[in-house]
Amino acid sequence: MDYCTLPKLPYSFDSLEPVISKEILELHYTKHHQGYVDNFNKALQKYQEAFEKKDLSLMLSLQPLLTFHGGGHWNHTFFWNNLSPHAKGMTDSFSRIIDENLGSVENFKEIFAVRTTAVFGSGWGWLAYDKETKKMEVMTTQNHDNPFQVGKMPLMVVDVWEHAYYLQYKNQRARFVQEIWNVLNWQEVEKRYNMAVGVK
Ligand code: MN3
C-alpha cells in the first residue's frame, strides 16, 4: 500500500528557468523525489510488518531507511514549495524580522551561502527557528536530515545535493546558491515563520 504519494509540483518544469533548468527540475522531481517516495513506502511497509510482529530489532534497523527516504520526501516537498517562478522578495516587515535575528538580510544571505556551500558531500542548507531561544538560525544537515531532528522548526531550505545543480552549474555549488534567491518564495517562508512563532 502507498502511505504517501508524490505531491503535485506547484509550477511547470520550465518555469524556474534560467535559475533551474527544465532538465534538472524534471529529473529531480520525477526521478529523485519519486524514488524517495517509493522507497519510503517500501520502508514503511516493512516497518508495519515488523511492528505487527513486535520485532523490535527489525524496527530499529529500519530507522535509518525511514529517516533517509522519509526525509528525502519531506525535504523535497518543502523545497519545491519555497521556490516560485513569481518570486517577489521579502515584505518589509519580514526583512525587519531577519534584521533582528541575523543582523541584516545581506548578512543572512552571506552566512547562508558560506555554510550551505560548505556542506560536505550531500545535504541541505536551512533557515530554521528555535522555539527555545525564539531566534532564527542558519543551519545545515547531511543526507536528508532535518532541523526537526534537533528540535528546530524549518522555515526555508535549499537542496545542495549534486543532482540539484550539477547538470547546469557543474562543480559551482556557490553559484547555484547565489542564483536561488531569484526564485525564492519569501511569502511562503514568512507564512511558515508566522506558524512557527504562533505554535507553542
Ligand atoms: Mn534533491
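Counting begins at 1 with the first residue of the sequence. One-based numbering, in listed order, for ligands and for the atoms of each.
- Shortest distance from the Mn ion (ligand 1) to Asp159 is reached at OD2 (N/O/S atoms only).
- Taking 2.8 Å as the criterion, His32 does not count as a coordinating residue of the Mn ion (ligand 1), since none of its N, O or S atoms falls below it.
- A pairwise comparison of heavy atoms in Ala196 and Lys131 identifies O-CD, 4.0 Å as the closest pair.
- Partner of His76 under the ring-ring contact (aromatic ring centres under 6.0 Å, His included) criterion, out of His69, His28, His32: His28 alone.
- Distances from the Mn ion (ligand 1) show that His163 has an N/O/S atom below 2.8 Å.
- Asn146 and Asn75 share a side-chain donor-acceptor pair at under 3.5 Å.
- Looking at His144 and Tyr36, their side chains do bring a donor and an acceptor atom within 3.5 Å of each other.
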